[in-house]
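Since the structure comes first, as structure tokens, the remarks are kept for the end.
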Amino acid sequence: MARELIRFDDKHISVEQMQMSVDRILQCYIRNMTGSLSPLIKDYLREAGFWHVAMIGRGCKLDPKLISTLIERWRPETHTFHLPCGECTITLEDVNLQLGLPVDGDAVTGSVHSADWGAVCYELLGAIPDNKNGGRVEMGWLRDTFPEPDDDSTELEKIRYTRAYILQIIGAADFSWGSAVLATLYREMCGATRPNKAKIGGCLSLLQSWARFHFPFLRPRVDHPYTFPLIKRWNHSASYARLPTCLEDIRLLLKQRSEAQFQWTPYEDPAIWAVIPDEYLQNPNTWHVKVLDDHHKIDLRQLHTDWPRFWSHYIQMWEDRYNYIPTRELIIVPELACVPEYMPWFRIHGKPYLLSEEERQQQLRVQRERRDPLNPKRRDNDVGPSTAPTQSPGPATGPTQSPDPTVQLSTPTAQPLQMMLGTYPSLFIYPSPYMFPFSSPMAG
């Protein structure tokens, strides 16, 4: 039975790291948006569902050691973290409340093939880039072509600027629509469990914030009221006193304290509940939809694949998502303890422990206070690792990133406001006239 649940240990970092002389620390990439948000596009961002995520700003700083330690605990077989306290994972509830992105709606999907990408680009943005590579648009071109609107700007100019702004958010690979961001993060985490991987993408700020809300012993002290979306909590100055500063100690803390201190329902705090807008609490059933992706080996870069047809079975499952809401009793009982049958089963068939019994008894090193910033100083629109990359002298070398990220355009599809896990290629984002609920007057 154990082998049926844990199938990928022969190519999982949790096994390989035991033989590494130096721990692998993943390179974590993040893009900071330039400048402040124009108030003239506030209403358009609200209608498109991107207002809250646009307000997150540039304060997020990543801790590659924490992220690398979490990846050691991530299991591609179950899409859960295996810990001494049991299994846990990032859910649509976390996406909804941490990022403020909508998680209900139709699947984000469409064909990557178009006969005339210039026409698609002109229809959406009113301009065509000089250097077109299929449906990809360079971030630099978006920044240079669409200056911030002013009071004299027309409605059409504001709409096109809003679209370009949203494309930059999406192109940062840090945010997408609702469950699309979760699907991308799951795929990135699954890929990063391979020992030869040196970097990880996806919405790492969500992963890190999720960990801080659920593991109080890894949470910096912030003396500031909660605000929405919840991820903005880490934009404020914080104290890192007594927090671990090396990967070994983070790994040890997860073993020693997660069983007793893991917080299963952090959002139940009245101080948090008070700042969540009512609109996000109207339909919590969406948070519990069970739609799984088990297609790790599919190459999502196939440019001429009809993805709606390819994923038709899963798209139908997403459209019938309310039929997949779990109806059995919750594993977690009101006292926040697991049912008696689960933990004995999990200790046999799961992987709650990575360290030997002797290693589990080790003491943490003497801690020193660590303060912001974790990121080196850089220009706001620079892309790069969140800290100077540290890499084990293992089988992989630190990869580099292309100098100017791109976004992939597609022909229009119906209501692309949502994505189920694994519905669409995570390397491409597909804007469409229908992704913006507000009216879109286009040049004749």
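Residues Tyr353 and Lys255 form a side-chain contact, since some pair of their non-hydrogen atoms from C-beta on lies under 4.5 Å apart. Leu207 has its side chain out of reach of Trp74: every pair of non-hydrogen atoms, C-beta onward, lies at least 4.5 Å apart. Gln316 places none of its side-chain heavy atoms less than 4.5 Å from the side chain of His313. A 4.5 Å side-chain heavy-atom check between Glu148 and Tyr161 finds at least one atom pair inside the cut-off. With a 4.5 Å cut-off on side-chain heavy atoms, Ser239 and Pro220 do not count as touching. Within the 4.5 Å cutoff, the side chain of Thr78 has heavy atoms near those of the Arg75 side chain. In this structure the side chain of Leu142 never reaches within 4.5 angstrom of the side chain of Tyr165, judged on heavy atoms. Side-chain atoms of Leu5 and Trp345, non-hydrogen and from C-beta on, do get closer than 4.5 Å to each other.
With sequence neighbours left out, Arg233 forms a salt bridge (Lys or Arg N to Asp or Glu O under 4.0 Å) with no residue at all. Applying the side-chain hydrogen bond (donor to acceptor under 3.5 Å, both in side chains) rule to Glu259 yields the partners Arg347; only residues at least two apart in sequence or on another chain are considered. For Arg73, there are no side-chain hydrogen bond (donor to acceptor under 3.5 Å, both in side chains) partners two or more places apart in sequence or in a different chain. Residues satisfying the ring-ring contact (aromatic ring centres under 6.0 Å, His included) criterion with Phe262, sequence neighbours excluded, are His214, Phe215, Trp264. Here Arg194 pairs with nothing under the salt bridge (Lys or Arg N to Asp or Glu O under 4.0 Å) rule; sequence neighbours left out. When the side-chain contact (heavy atoms from CB on, under 4.5 Å) test is applied to Glu268, the partners found at least two apart in sequence or on another chain are Thr265, Trp273. Checked against salt bridge (Lys or Arg N to Asp or Glu O under 4.0 Å), Asp223 has the following partners two or more places apart in sequence or in another chain: Arg221. Remark: Thr89 engages Tyr186 in a side-chain hydrogen bond (donor to acceptor under 3.5 Å, both in side chains) (not counting sequence neighbours). In terms of the ring-ring contact (aromatic ring centres under 6.0 Å, His included) criterion, His12 has no residue partners (sequence neighbours excluded). Residues satisfying the side-chain contact (heavy atoms from CB on, under 4.5 Å) criterion with Ser68, sequence neighbours excluded, are Ile25, Leu26, Leu247. Take Gln263 and apply the side-chain hydrogen bond (donor to acceptor under 3.5 Å, both in side chains) test, not counting sequence neighbours, and it matches Arg219. Checked against salt bridge (Lys or Arg N to Asp or Glu O under 4.0 Å), Asp269 has no partners two or more places apart in sequence or in another chain.
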Exercise. For Leu354 and Leu254, what are the C-alpha separation, side-chain angles and deciding distance, and is it a side chain to side chain contact (heavy atoms under 4.5 Å, CB included)?
Worked result: CA-CA 10 Å; Leu354 300 184; Leu254 285 175; over 6 Å; no
Problem set entry | Evaluation steps, side chain to side chain contact (heavy atoms under 4.5 Å, CB included), between Ile166 and Tyr44 | CA-CA 10 Å; Ile166 291 175; Tyr44 299 129; over 6 Å; no
For this session: Dump the intermediate steps for side chain to side chain contact (heavy atoms under 4.5 Å, CB included) on Leu125 and Phe146, then the final yes or no.
Result: CA-CA 9 Å; Leu125 302 172; Phe146 299 93; 3.5 Å; yes
Exercise. Can you list the steps and then say if Gln98 with Tyr267 is a side chain to side chain contact (heavy atoms under 4.5 Å, CB included)?
Worked result: CA-CA 10 Å; Gln98 291 279 352; Tyr267 309 135; 3.1 Å; yes
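The line from CD1 of Ile200 to CZ of Arg187 is 13.0 Å long, rounded to the nearest 0.5 Å. Annotation: the span from His224 atom NE2 to Ser237 atom OG amounts to 8.5 Å, rounded to 0.5 Å. Between the CG atom in Leu99 and the CG atom in Asp94 there is a gap of 9.0 Å [rounded to 0.5 Å]. The structure places OG1 of Thr91 at 7.5 Å from CG of Leu182, a figure rounded to the nearest 0.5 Å. For the atom pair CD of Glu16 and CG of Asp10, the computed distance is 10.5 Å after rounding to the nearest 0.5 Å. Taking CD1 of Ile90 as the start and NE2 of His79 as the end, the distance is 11.5 Å to the nearest 0.5 Å.
Judged by distance alone, the side chain of Asn96 and the main-chain N or O of Leu101 form a donor-acceptor pair under 3.5 Å. Looking only at distances, a side-chain donor or acceptor of Glu77 sits under 3.5 Å from a matching main-chain atom of Arg7. Side chain of Arg24 to main chain of Asn196: no donor-acceptor pair is present (N/O by atom type, distance under 3.5 Å, no hydrogens or angles). Under a 3.5 Å cut-off, the side chain of Ser209 and the backbone N or O of Leu206 do not form any donor-acceptor pair.
Exactly one of Pro84, Cys88, Pro352 qualifies for a side chain to side chain contact (heavy atoms under 4.5 Å, CB included) with Ser258. That residue is Pro84.
Taking the charged nitrogens against the carboxylate oxygens, Asp23 and Arg251 do have a contact shorter than 4.0 Å, which makes a salt bridge. Note on Asp249 versus Lys65: no salt bridge recorded, every NZ/NE/NH1/NH2 to OD/OE distance being 4.0 Å or above.
Looking at every heavy atom in both residues, Cys28 comes nearest to Leu204 through CB-CD1, 3.6 Å. In this structure, Gln208 and Ile67 approach most closely via the heavy-atom pair OE1-CD1, 4.3 Å. Here the shortest heavy-atom pairing between Pro149 and Ile41 reads CG-CG2, 4.1 Å. When all heavy atoms of Leu218 and Pro244 are compared, the closest pair comes out as CD2-CG, 3.9 Å. Ala192 approaches Ile71 most closely through the heavy-atom pair O-CG2, 3.5 Å.
Between His82 and Phe346, the distance from one ring center to the other falls under 6.0 angstrom.
Inspection of the Glu93 and Tyr280 side chains reveals no N or O donor paired with an N or O acceptor under 3.5 Å. A donor-acceptor pair shorter than 3.5 Å cannot be found between the side chains of Ser14 and Glu72.
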